[in-house]
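Remember, it's a predicted structure, so these values are computed and weren't measured experimentally. Values below: every heavy atom of this structure, side chains too, minus hydrogens, waters and symmetry copies. Order of the sequence lines sets the chain letters (A, B, ...), proteins ahead of strands, with each chain counted from 1.
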Number of protein chains: 2
Amino acid sequence: MTRPSELTRERIVKAAERLFAERGYDGTSIRAIVAKARVNQAAINYHFNGKDGLYREVLLGAFRSLTEHQLARAAETHEMPRELALAAFIHRQLRPLLARDEASRHIRIFNWETVRPTAVFRRLLTEQSAPFMGMATDLVRRFLPEADHRTLVVAAIWLIGQCSVFVRNREQLASAPVLLALDESSVEWLAETLTGWTIGGLRPRG
Amino acid sequence: MTRPSELTRERIVKAAERLFAERGYDGTSIRAIVAKARVNQAAINYHFNGKDGLYREVLLGAFRSLTEHQLARAAETHEMPRELALAAFIHRQLRPLLARDEASRHIRIFNWETVRPTAVFRRLLTEQSAPFMGMATDLVRRFLPEADHRTLVVAAIWLIGQCSVFVRNREQLASAPVLLALDESSVEWLAETLTGWTIGGLRPRG
DNA sequence: TGACAATTCAAACGATAGTTTGAAAAATAG
DNA sequence: CTATTTTTCAAACTATCGTTTGAATTGTCA
């Protein structure tokens with residue numbers, strides 16, 4: 001077996017990830033991808049069996065990267081007091097607000113999927129979302145020790161949603177009329193504010 | 001001036017709204033629209049000056065309908081105790097979970113826009129989102145009477161985000177592995193649960 | 001009714017989409 | 001070096017896209 005084509009594959013995946021994140025699956029043409037990657041047009045079919053196969057590759061990478069960012073800290077989070085663990089979780093979820101990096105692109109790809117889920121994505125989700133959801137569920141369980149399963153799941157989604165609304169809409173929120181500041185200290189303050197509200201919400205009350 | 005074409009316009013807008021909601025702007029072809037509306041292909045250019053013009057029409061209608069859905073109740077909400085007002089707001093925001101109706105389609109069209117905002121939408125947002133955001137801000141202000149402007153805006157977004165994460169991802173959440181039930185009583189319970197957590201979060205604590 | 005504007009229609013336009021082709025080039029194995 | 005496989009390449013293929021065209025039809029007003 002001979003494999004001198006790894007470079008070409010990597011260039012294609014890298015270019016495709018950027019374009020899929022920016023324009024979505026339908027909005028990205030393979031001609032745009034090969035132009036950015038500076039490879040021949042037929043290379044995508046040769047290496048990935050078409051546009052679908054390439055998209056699957058990109059989606060897998062995005063999913064791994066996004067969940068691993070949290071899951072890598074799952075163990076140490078579990079050792080912290082629940083309030084600190086929650087703060088750390090929220091802080092990490094808000095991280096794409098600051099970084100115009102790979103993570104932002106991955107979030108963007110997922111945003112496309114929430115409006116028009118592809119078959120590839122659906123399968124990926126049912127196969128691989130369990131660890132991440134489990135981490136969020138474990139976290140809220142420490143605040144709601146007697147809640148039933150449904151309540152815990154909803155609380156986990158609630159927690160994730162509080163963060164994702166800012167991440168997802170960061171471009172709109174940063175411009176008029178909201179003009180939300182997104183520098184490091186502002187995001188820090190945002191994370192702390194959200195943490196406070198979340199703890200208050202999950203705290204038992206009479 | 002002669003105007004026997006209102007029927008054609010309405011059929012086109014109605015068909016386009018459904019298709020744009022389901023597939024987004026790029027994913028909807030004018031051939032699909034005219035097939036669904038059962039009008040001639042050139043009718044879209046004749047009546048709306050092209051696909052862009054038609055989309056603008058649909059977007060305007062969606063925006064009006066959605067904001068009016070909440071804003072129509074703004075006055076009466078203001079007369080209610082703050083806890084009940086918040087519950088009513090959340091309940092209305094979660095409504096698309098139940099109804100496969102016009103409002104649900106309009107929310108879906110907006111979901112497309114958060115991924116790839118069109119110029120039309122950006123303008124619409126800066127022009128007309130103020131009343132809606134103002135309503136949400138007024139609502140949270142009743143819980144945070146001494147908060148500064150930034151905190152109030154973030155709280156309003158936080159409130160909206162808590163609801164939208166369920167609406168936006170309803171299809172994924174309803175299927176495995178989450179299997180969130182979306183019948184009437186379940187949504188009722190969800191609204192009450194979210195209301196409780198939100199009140200708890202915004203309530204002052206020592 | 002006749003003249004004219006508004007509306008509908010089938011057909012075609014140019015552009016771009018994803019994919020396929022078959023040969024040239026490069027890399028590997030014997 | 002030779003034989004063989006892997007990889008690249010330019011070009012073409014088929015399908016669909018949004019839009020335009022110009023004639024036919026319909027509706028309105030004088």
Margin query: I need the NE2-P distance between A/His47 and D/dT6, as an integer number of Å.
Written below: 12 Å
Check: Given atom NZ of A/Lys51 and atom C1' of C/dA17, what is their separation to the nearest angstrom?
Finding: 8 Å
Item checked: the helix from C/dT1-D/dA30 to C/dG30-D/dC1: angle between end helix axes, five pairs per end, rounded to 10 degrees -> 10°
Next item on the list: With sequence neighbours left out, write down each residue that passes ring-ring contact (aromatic ring centres under 6.0 Å, His included) with B/Phe89, or none if nothing qualifies.
Entry: none
Next item on the list: Specify the separation, in whole Å, of atom CG of B/Asn45 and atom C1' of C/dA11.
Entry: 15 Å
Next item on the list: Apply salt bridge (Lys or Arg N to Asp or Glu O under 4.0 Å) to B/Asp101 and list each qualifying residue two or more places apart in sequence or on a separate chain.
Entry: B/Arg95
Check: Which word best sums up how the rings of A/Phe20 and A/Tyr25 line up, parallel for under 30°, tilted for 30 to 60°, or perpendicular for over 60°?
Finding: parallel
Check: Are A/Phe110 and A/Phe121 close enough that their ring centers fall under 6.0 Å?
Finding: yes
Note to self: Both conditions, 6.0 Å and 45 degrees, for the charged tip of B/Arg23 above the ring of B/Trp112: are they met here?
What the structure shows: no
Note to self: Rounding to an integer number of Å, can you tell me how far A/Tyr46 OH sits from C/dG22 P?
What the structure shows: 17 Å
Check: Would you say the side chain of A/His106 lies within less than 4.5 Å of the side chain of A/Phe63, judging by non-hydrogen atoms?
Finding: no
Notebook entry, point to check: Do you see a donor-acceptor pair shorter than 3.5 Å between the side chains of A/His91 and A/Glu192?
Noted result: no
Margin query: Rounded to whole Å, how long is the line connecting atom CD of A/Glu6 with atom P of C/dT28?
Written below: 13 Å
Next item on the list: Look at B/Thr8 and C/dT8 and indicate whether a side-chain polar atom (N or O) is within less than 4.0 Å of OP1 or OP2.
Entry: yes
Checklist line | DNA chain D-proximal residues of residues 21-29 of chain A, any heavy atom under 4.0 Å | finding: none
Next item on the list: List in chain and number order the residues that pass salt bridge (Lys or Arg N to Asp or Glu O under 4.0 Å) with A/Glu17, two or more places apart in sequence or in another chain; answer none if no residue qualifies.
Entry: A/Arg105
Check: How long is the line joining CD1 of B/Ile44 and P of D/dG18, in whole Å?
Finding: 9 Å
Between the protein and nucleotides 9-12 of chain D, list the N/O to N/O atom pairs that are separated by less than 3.5 angstrom.
{"unit_1": "D/dA10", "atom_1": "N7", "unit_2": "A/Asn40", "atom_2": "ND2", "d": "3.3"}

Checklist line | Separation of atom CZ in B/Arg9 from atom C1' in C/dT7, rounded to whole Å | finding: 13 Å
Checklist line | Between P of C/dC9 and CD1 of B/Ile12, the distance in whole Å | finding: 10 Å
Check: Can you check whether A/Gln162's main-chain N or O pairs, donor with acceptor, with B/Trp158's side chain at less than 3.5 Å?
Finding: no
Next item on the list: Would you indicate whether the side-chain heavy atoms of A/Val165 and B/Ile157 approach each other to under 4.5 Å?
Entry: yes
Notebook entry, point to check: Is it true that a side-chain atom of A/Thr28 and a backbone atom of A/Leu19 form a donor plus acceptor pair closer than 3.5 Å?
Noted result: yes
